[in-house]
Amino acid sequence: MTTFSKTVLFTCFFIIISLFNSSHAQNQNCSTHPLFTNNLYKACNNLPTLNSFIHWNYHQLNHTVDIAYRHTGVTTSNWIAWCLNPSGGGMIGSQCLIAYRNSTGLLHAYTSSITSYATRLEEGSLSFRVPKIGAEFNDNEMIIYASLELPNGTTKFAEVWQYGPVSGDTLGMHPTDRDNMRSIATIDFATAQAADATTTTFAGTLLGSRNRKKNVHGVMNVVSWGILMPVGAMAARYLKVFKSTNSAWFYIHVTCQSSAYIVGVAGFVTGMKLGRSSPGVVHTIHRNIGITLFVIGTLQAFAILLRPKPEHKYRKYWNAYHQAMGYSVLILSIINILDGLDILDPGKKWKRAYIGVLIFLGSIVVVLEAFTWYIVLKRKRQSAIASNESSIGA
């Protein structure tokens with residue numbers, strides 16, 4: 001067997017094993033785990049994201065609950081957390097159980113109360129007592145065991161769960177993928193009911209409001225920077241070639257660009273508000289490109305006020321600046337919209353739809369570019385012929 005054949009065979013074997021492990025991890029569920037089947041815990045729920053599960057026994061007489069929180073698909077370089085939020089929903093106010101393998105190689109389980117988005121998950125007491133807490137790690141699965149004395153005389157809470165990287169004894173920030181941002185639900189220990197936060201008002205109000213703002217932010221910026229701006233640029237480049245349009249191309253251009261700037265500023269402000277309300281979530285590239293677009297767009301708007309007359313000697317320099325900034329806006333807009341769609345993750349069909357719009361506009365550009373060059377070259381030939389005839393006649 002050649003070296004190449006061995007390499008191919010080994011690669012295929014590795015892929016098959018990886019797919020088997022992935023499928024095995026995905027097929028795990030709450031009710032088939034030994035913690036449940038061996039009657040160690042009488043209730044369990046499959047949490048909707050992050051390969052996580054919560055098992056518990058509720059003791060009505062003393063209003064306590066014994067829990068086992070399982071998080072699969074993690075390594076010893078990860079921390080995990082499961083939290084209750086007695087104040088409602090979201091991260092702030094969450095009372096958390098944390099576990100990770102520390103620098104000595106031992107699993108460390110402790111409690112931490114989250115009071116801000118800048119939390120480092122420092123060890124501290126909770127708003128309710130936790131008489132027992134421990135953890136174990138086996139086969140890429142970390143489990144937190146704890147006994148909780150439930151607060152406020154209620155059994156229904158918002159629950160939040162997360163994981164992130166560990167370096168030594170320093171717990172890093174959790175990822176900001178879609179599943180991480182949606183790891184919130186409600187749980188009722190007495191009735192053994194749980195629900196995804198997006199389907200309840202108890203824990204989902206904040207999440208639903210934030211998602212609506214994200215959607216509004218995305219729609220406004222796609223319409224403004226992603227559609228109106230290119231259409232306005234196309235009007236300026238191609239319509240003025242046709243003599244029949246007179247100065248109509250200019251008014252179409254200004255209308256499109258002004259509308260795009262106004263809607264784009266509204267989208268920019270919405271994005272800044274989203275950033276301030278989510279200080280623990282930072283999309284650096286998307287934010288920086290957005291700020292750059294806002295600055296260039298504002299400069300372009302004010303540049304109109306300083307536009308020299310057509311016969312002025314500096315007009316050609318103004319035209320060069322205006323066109324360079326305009327094309328920069330178009331390129332950055334497309335990049336940032338595609339990045340924003342990846343962040344928002346509304347479904348592949350929306351990204352494909354926008355790419356379809358770009359292809360459609362690009363096709364029109366190709367046709368108009370060829371046609372306008374044909375017209376320009378034709379006029380130059382006619383002008384040259386007319387000039388020669390004038391010279392001969394003279």
Side-chain angles (χ1 to χ4, degrees), residues 30 41 43-56 58 63-72 74 78-100 107-135 142-152 154-166 171-177 179-189 193-198 200 202-207 210 278-281:
C30 203
Y41 294 90
C44 66
N45 278 324
N46 301 320
L47 297 177
T49 63
L50 302 181
N51 300 317
S52 298
F53 313 87
I54 182 71
H55 302 253
W56 75 89
Y58 172 61
H63 197 53
T64 63
V65 63
D66 300 321
I67 68 100
Y69 167 68
R70 298 192 295 118
H71 196 126
T72 64
V74 294
N78 291 121
W79 58 263
I80 66 169
W82 179 83
C83 318
L84 292 180
N85 193 332
S87 62
M91 179 177 169
I92 303 301
S94 292
Q95 308 296 300
C96 299
L97 311 179
I98 317 288
Y100 73 100
L107 276 178
H108 179 49
Y110 66 95
T111 59
S112 179
S113 179
I114 298 179
T115 58
S116 75
Y117 285 105
T119 180
R120 296 184 179 275
L121 299 178
E122 299 90 345
E123 188 166 349
S125 59
L126 305 185
S127 61
F128 51 86
R129 289 191 68 240
V130 182
K132 297 178 183 178
I133 184 170
M142 196 174 293
I143 306 176
I144 298 176
Y145 300 96
S147 296
L148 314 177
E149 295 183 1
L150 297 178
N152 303 332
T154 183
T155 59
K156 188 176 182 181
F157 302 90
E159 60 175 336
V160 180
W161 60 100
Q162 272 298 347
Y163 80 101
V166 174
L171 279 58
M173 179 180 170
H174 66 75
T176 56
D177 297 336
D179 282 350
N180 293 86
M181 304 309 294
R182 295 175 64 86
S183 57
I184 177 174
T186 62
I187 187 169
D188 192 328
F189 293 113
Q193 292 181 348
D196 185 343
T198 58
T200 66
F202 178 70
T205 302
L206 179 62
L207 183 62
R210 188 171 297 165
S278 308
V281 180

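On a predicted model such as this, the values are computed, not experimentally measured, just so you know.
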Measure across [X] and [Y] and return the closest heavy-atom pair with its distance rounded to 0.1 Å.
X	Y	answer
Ile187	Phe189	CD1-CE2, 3.6 Å
Ile143	Ile80	N-CD1, 4.5 Å
Leu107	Met142	CD2-CE, 4.3 Å
Val160	Ser94	CG2-OG, 3.9 Å
Leu50	Ser52	O-OG, 3.0 Å
Leu47	Glu159	CD2-OE2, 3.4 Å

Is the gap between the ring centers of Phe53 and His55 under 6.0 Å?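 No, they do not, as the ring centres are separated by 6.0 Å or more.
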What about Trp161 and Tyr69, are their ring centers closer than 6.0 Å?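 Here the rings of Tyr69 and Trp161 have centres that are no less than 6.0 Å from each other.
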To the closest 0.5 Å, what do you measure between [atom1] ([X]) and [atom2] ([Y])?
X	Y	atom1	atom2	result
Asn85	Ile184	CG	CD1	7.5 Å
Leu148	Leu126	CG	CG	8.5 Å
Ile67	Ile54	CD1	CD1	4.0 Å
Thr64	Lys132	OG1	NZ	10.0 Å
Leu121	Ile98	CG	CD1	4.5 Å

[Y] backbone acceptor or donor facing [X] side chain under 3.5 Å:
X	Y	result
Ser147	Asp66	no
Trp82	Cys96	no
His71	Asn51	no
His63	Tyr58	no
Gln95	Ser127	yes

For the residue pair Asn180 and Gln162, confirm or rule out a side-chain donor-acceptor distance under 3.5 Å.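 Side chains of Asn180 and Gln162: pair found under 3.5 Å.
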Going through the distances and angles, do Trp79 and Tyr163 end up as a ring-ring contact (aromatic ring centres under 6.0 Å, His included)? CA-CA 5 Å; Trp79 58 263; Tyr163 80 101; 7.5 Å; no
Would Thr155 and Val65 satisfy side-chain contact (heavy atoms from CB on, under 4.5 Å), going step by step from the backbone distance to the final call? CA-CA 9 Å; Thr155 59; Val65 63; over 6 Å; no
Sequence neighbours left out, what passes ring-ring contact (aromatic ring centres under 6.0 Å, His included) with Tyr145? Give chain and number order.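 Scan of Tyr145 (ring-ring contact (aromatic ring centres under 6.0 Å, His included), adjacent residues dropped) gives none.
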Residue list, salt bridge (charged side-chain N to carboxylate O under 4.0 Å, His left out) with Glu149, at least two apart or on another chain: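 Checked Glu149 against salt bridge (charged side-chain N to carboxylate O under 4.0 Å, His left out); matches are Arg129.
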Sequence neighbours excluded, every pair satisfying salt bridge (charged side-chain N to carboxylate O under 4.0 Å, His left out) that has a member inside residues 111-124: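 Every candidate salt bridge (charged side-chain N to carboxylate O under 4.0 Å, His left out) pair involving residues 111-124 fails, so no pair, neighbours aside, qualifies.
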Flag the pair Trp56 / Asn45 as yes when at least one side-chain heavy-atom distance between them is below 4.5 Å, and no otherwise.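 Yes; the side chains approach each other to less than 4.5 Å.
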